[in-house]
Amino acid sequence: MKLWDELKGNFVAFKDKSRTVKMYVCGPTVYDTPHLGHLKTYTVYDALAKYLKFSGYSVLYIQNITDIDDKIINRALEIRDDPMSLSEKYTKEYMDIMRKAGIDSVSFYAKATRSVPDIINQIRVLERRGFVYRLPDGMYFRVWMDRNYGVLSRQVPENQVSGKRAKVSELKEDPRDFVLWKFRKPGEPYWKSPWGDGRPGWHVEDSAIILRYLGTSFHIHGAGADLKFPHNESELSLMRCMKGNSNICKAWTYSGVIRINGEKMSKSLNNGISAREILDKYSVEAIRYAFLSSNYSSEMDFSWGMMDEASQNVSYLNRAFTRIRTMKHGAVEIGARNYAETFFGYLDDNFNTRMALVTLYEVSSEIFKHEEISEDEAGILNKMFMVGQEVLGVIRNHESISIEPGTVVSLLELRKRLKQMKMYGESDSIRSALSESGIIVEDSGEDVTWFKER
RNA sequence: GGACAGGUGGCAGAGAGGCGAUGCGUGGGACUGCAGAUCCCAUCUACUAGGGUUCAAAUCCCUACCUGUCCUCCA
């Protein structure tokens, strides 16, 4: 499989399946409930990790949780809560959302507060090498010492400075310098360090966690596109200064930001839709379909209409999958092998989930045109749809049925007999009763299919 | 102002020099006790504008305009 590397601006190929793919994705700052943007990014990387596993790699997938930060402290102050219990609450909330969204491929969540020793170690090393200086409010990183600062975001130094909106401390040696260790203020949570009590800066948190769990050489770095500068730039700079060269991560990848009414969804614009809200309104499969139906790196306009469309498409794929598994085996061939090749080809090509879904859709419509299919092809199609179910997560798992399947079958037997006697009122009431318990019954001629709704 | 992405049919969104992807929507039809589902047909001078390169450009080059992201916390 190949992925686009934003740092070098080229594709990198993954071939060696004996190697563990090491993957890092920037996690959330837990001071509020997650919104759609979080959900989108983590869905994309969840699917990617699962696809790599499916392809035969073992995957080590680390994500951080920023559970100490200015925003957490400020929010806690606002609502007169303790910062640590606030971040704990929203960490639980985040985990709950992830579980509900079927995102379960992360090997380990590294909390910032649990990584303080690693962070201190990193600052120490950097200090020894002369990258660190002290100001009254904290320890700072000397950006000018890293000549390559700016390569990731292609920001020339003048631009890093000319952002006139940033209020830069007069005391900093260079306006670009950022804080590694922030000294405590009264009432704030703090940790002990060689420089004084305080807490870690944001950028060094990620670089320390990466170094600790993945080392100075890993494969995939993922984040929302809005984190590229200054966060990832600084994170990369720190790792570079630790290692001495830039060969740290093979593929810097970005998940395109979600827009709503043409603007980025963000807290400051107050145009966010919470992850919880959408999970209440739509099935996990529909949500994942919506997110995976555009390229992971491109921006995405969100609308409720697109969610409805995704729901419909998911339902179509589900029906097709049911049909594949219940179809008679015969001589008919639809070119399943070609479809499968195309399907996996797209996924291997920079994880083009959109086109993979289109392929799944085309296969589905082919399936509905025939009454039977060869056993061989049924097997191939089954494999494709299993990937749709377990990797992309856009196909419902049919096993979770609330009523005993045996009960359903006997009710349908009864209904069939009633229909033969043309007692339609009675047969329809069985159908609607089942529908109320979430079982949809559909006739097509003599054949009856049933499945769980939602 | 700078950097980086884009501008494609009613909408969403691929493609990337020569066959009008795909889905949704809309109109018609088939099937059907009903409902649902599914299928078939139709919806077509689609590629922001203006120049250029070419036998051929939505696709390459230049210019302009427009939109978004980042340059402040952000997934």
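For A:K71 against B:C74, a side-chain-to-base donor-acceptor contact under 3.5 Å is absent. Between the side chain of A:D226 and the base of B:C73 there is no donor-acceptor pair of N/O atoms closer than 3.5 Å.
Here A:A225 lies out of heavy-atom contact (under 4.0 Å) with every strand. Using a 4.0 Å heavy-atom distance criterion, A:K369 is classed as a sugar-phosphate-only contact. At a threshold of 4.0 angstrom between heavy atoms, the contacts of A:D443 include nucleobase atoms, whether or not backbone atoms are also involved. Using a 4.0 Å heavy-atom distance criterion, A:Y361 is classed as a sugar-phosphate-only contact. Across all strands, A:R431 comes closer than 4.0 Å to base atoms (heavy-atom distances).
When A:V391, A:V106, A:I103, A:L392 are each tested for a side-chain contact (heavy atoms from CB on, under 4.5 Å) with A:D46, only one passes: A:I103.
Of the candidates B:A75, B:A21, B:C74, the closest approach to any side-chain atom of A:E362 belongs to B:A21. With B:U69, B:A37, B:G13 as the candidates, the nucleotide lying closest to the side chain of A:R354 is B:G13.
Sequence neighbours left out, the pairs with a member in residues 330-350 of chain A that pass salt bridge (charged side-chain N to carboxylate O under 4.0 Å, His left out) are A:K2-A:D349, A:R337-A:D376.
Ring-plane geometry between A:F385 and A:F321 is classed as parallel, the angle between the planes falling under 30 degrees on a 0 to 90 degree scale with a further cut at 60.
The CZ atom of A:F229 sits 10 Å away from the C1' atom of B:A3 (whole-angstrom rounding).
Secondary structure note: stems in RNA chain B built from 3 or more consecutive Watson-Crick or G-U wobble pairs under 3.5 Å occupy B:1-7 with B:65-71, B:10-12 with B:22-24, B:25-30 with B:38-43, B:48-52 with B:60-64.
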